[in-house]
2 protein chains.
Amino acid sequence: MAKKQRRMTKQKRVILDVLRSTTSHPTADWIYNEAKKILPNLSLGTVYRNLNNLKEEGKILELSYGSTYSRFDGNPENHYHCVCVECGKVADLDMPVVEELDKKAQEAQGSSIFYHRLEFYGLCPHCEEKEMKN
Amino acid sequence: MAKKQRRMTKQKRVILDVLRSTTSHPTADWIYNEAKKILPNLSLGTVYRNLNNLKEEGKILELSYGSTYSRFDGNPENHYHCVCVECGKVADLDMPVVEELDKKAQEAQGSSIFYHRLEFYGLCPHCEEKEMKN
DNA sequence: ATCATTATTATTATTATTTAAAATAAAATA
DNA sequence: TATTTTATTTTAAATAATAATAATAATGAT
């Protein structure tokens with residue numbers, strides 16, 4: 001069972017570059033519109049497929065909160081996020097990954113744990129400031 | 001701005017009971033089919049709306065991994081899950097919630113953190129056993 | 001460079017989820 | 001209980017994401 005070999009196409013290149021050029025954790029649709037400026041006859045299906053491929057290759061992260069729509073992150077290293085319960089903005093947290101969590105989980109479950117995903121819910125500094133004024 | 005008052009309708013009651021009657025973290029569609037056995041002319045939109053309402057009321061949890069479809073959990077207390085990267089099954093982990101994480105995140109961000117969600121990715125005992133035999 | 005192979009694309013259709021609007025049912029009040 | 005108010009339901013339509021397929025483009029070998 002030979003594993004399917006990946007290719008770097010110009011569509012994929014543009015999608016990855018667009019995602020890496022922002023820190024805003026954009027949606028697939030936003031990426032599609034940006035990439036379309038460079039490759040006008042790009043299709044949305046191609047964007048979704050490539051985002052999934054890039055995710056599987058470990059080049060990007062998919063962040064799915066609730067069931068509305070997914071956001072993507074051009075930084076593939078495991079890191080934590082905070083979702084603002086007020087405005088919905090997603091921010092990177094400058095906080096080290098807690099590796100011990102995997103060990104604890106492995107003990108609890110009794111089988112292998114490879115990694116984890118952690119998201120915090122709270123207020124972003126901007127919304128917290130607004131709350132203070134009420 | 002008076003907050004909208006919630007009602008407990010028979011549809012909502014059935015949806016919640018169905019979800020509480022299983023430990024399998026079912027999808028909206030599965031819940032719909034089960035609930036339909038009790039309320040035959042229930043509509044799928046009602047299931048989705050009520051699952052969202054129950055989530056907002058803190059009675060259930062929504063688990064969204066990747067972009068395929070959401071799973072729901074009748075246990076609203078914060079607890080951790082493990083997703084099997086092999087078979088996709090979602091299991092509850094018998095492991096205490098690490099409250100200190102919120103404190104650390106709050107320091108890193110500089111504004112309020114209320115709670116967090118944590119998911120582990122690994123192999124379920126069943127798939128791990130299968131791997132051993134290869 | 002040419003040819004063969006195989007992944008990727010665009011297009012189209014399908015599935016998952018949300019939203020809109022009119023009809024119904026629950027809660028509050030008379 | 002009848003009436004009013006407002007949330008919720010059903011139905012239907014809209015949006016987000018995935019999958020199928022034939023056409024295209026990238027890779028490897030000549």
Side-chain angles (χ1 to χ4, degrees), chain A residues 1-19 25-73 88 90, chain B residues 1-19 24-57 59-73 88 90:
Chain A
M1 48 195 193
K3 72 177 126 185
K4 181 164 153 174
Q5 174 192 315
R6 310 280 188 167
R7 287 172 188 175
M8 178 54 76
T9 62
K10 57 179 191 293
Q11 289 88 342
K12 188 173 177 181
R13 180 79 260 160
V14 168
I15 289 165
L16 184 55
D17 287 346
V18 163
L19 182 53
H25 308 92
T27 62
D29 197 62
W30 185 92
I31 294 168
Y32 170 61
N33 285 115
E34 288 300 305
K36 222 172 155 61
K37 293 176 185 168
I38 299 159
L39 300 174
N41 58 346
L42 178 70
S43 74
L44 186 56
T46 297
V47 173
Y48 277 106
R49 185 167 14 74
N50 275 302
L51 288 171
N52 274 317
N53 289 345
L54 288 164
K55 183 175 57 163
E56 284 174 17
E57 293 168 39
K59 296 210 174 76
I60 69 173
L61 293 181
E62 176 174 12
L63 317 173
S64 15
Y65 310 110
S67 37
T68 336
Y69 39 67
S70 280
R71 294 175 163 276
F72 295 87
D73 192 326
V90 178
Chain B
M1 49 193 197
K3 71 176 126 187
K4 180 166 155 175
Q5 173 193 316
R6 310 281 187 165
R7 288 172 188 174
M8 178 54 76
T9 63
K10 58 178 191 293
Q11 290 87 343
K12 188 173 178 182
R13 179 80 260 161
V14 168
I15 289 164
L16 184 55
D17 287 346
V18 163
L19 182 53
S24 70
H25 307 93
T27 62
D29 198 62
W30 186 92
I31 295 167
Y32 170 61
N33 284 115
E34 288 300 307
K36 222 172 154 63
K37 293 175 185 169
I38 298 159
L39 299 174
N41 60 347
L42 177 70
S43 74
L44 186 55
T46 297
V47 173
Y48 276 106
R49 186 169 13 74
N50 276 301
L51 288 171
N52 274 317
N53 289 346
L54 288 164
K55 182 175 59 165
E56 283 173 19
E57 293 167 39
K59 295 210 176 76
I60 69 172
L61 294 181
E62 177 174 12
L63 317 173
S64 17
Y65 309 110
S67 33
T68 336
Y69 40 67
S70 280
R71 293 175 163 277
F72 296 86
D73 192 325
V90 179

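Residue numbers start from 1 in every chain, and the chains themselves are labelled A, B, ... in the order their sequence lines are given, proteins ahead of strands. Computed from a predicted model, the values in this text were never measured in an experiment.
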* Asked: Can you tell if the side chain of B:Glu62 reaches within under 4.5 Å of the side chain of B:Asn52, non-hydrogen atoms only?
  ->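 Side-chain contact under 4.5 Å: yes.
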* Quick one: are A:Ile15 and A:Leu19 in side-chain contact, heavy atoms under 4.5 Å? -> no
* Structure fact -> Once base and sugar-phosphate atoms are separated, protein heavy atoms under 4.0 Å mark nucleotides 8-14 of chain C, 5' to 3', with B, S and - as SBBB---
Please report the distance, rounded to the nearest Å, between [atom1] in [X] and [atom2] in [N].
{"X": "A:Arg13", "N": "D:dA25", "atom1": "CZ", "atom2": "C1'", "value": "17 Å"}
{"X": "B:Leu39", "N": "D:dT8", "atom1": "CG", "atom2": "P", "value": "16 Å"}
{"X": "A:Leu51", "N": "D:dA16", "atom1": "CG", "atom2": "C1'", "value": "13 Å"}
{"X": "B:Tyr48", "N": "D:dA12", "atom1": "OH", "atom2": "C1'", "value": "16 Å"}

* Asked: What distance separates A:Leu16 CG from A:Leu51 CG, expressed to the nearest 0.5 Å?
  -> 9.5 Å
* Structure fact -> Between the CD atom in B:Glu56 and the CZ atom in B:Arg6, the distance rounded to the nearest 0.5 Å is 5.0 Å
Taking all non-hydrogen atoms of both residues, which atom of [X] and which atom of [Y] are closest, and how far apart?
{"X": "B:Leu39", "Y": "B:Lys10", "result": "CD1-O, 4.0 Å"}
{"X": "A:His25", "Y": "A:Val90", "result": "ND1-O, 3.1 Å"}
{"X": "A:Leu44", "Y": "A:Ala28", "result": "CD1-O, 4.5 Å"}

* Within residues 27-37 of chain A, find the residues that approach DNA chain C with a heavy atom at under 4.0 Å, and present them sorted by residue number. => none
Report the residues that fulfil side chain to side chain donor-acceptor pair (under 3.5 Å) with [X], sequence neighbours left out, ordered by chain and then residue number.
{"X": "B:Asp29", "answer": "none"}
{"X": "A:Arg7", "answer": "none"}
{"X": "A:Arg49", "answer": "A:Thr46"}

* Once you build an axis from the first five pairs and another from the last five of the helix from C:dA1-D:dT30 to C:dA30-D:dT1, how far apart in angle are they, to 10 degrees? ->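 Axis-to-axis angle, ends of the helix: 40°.
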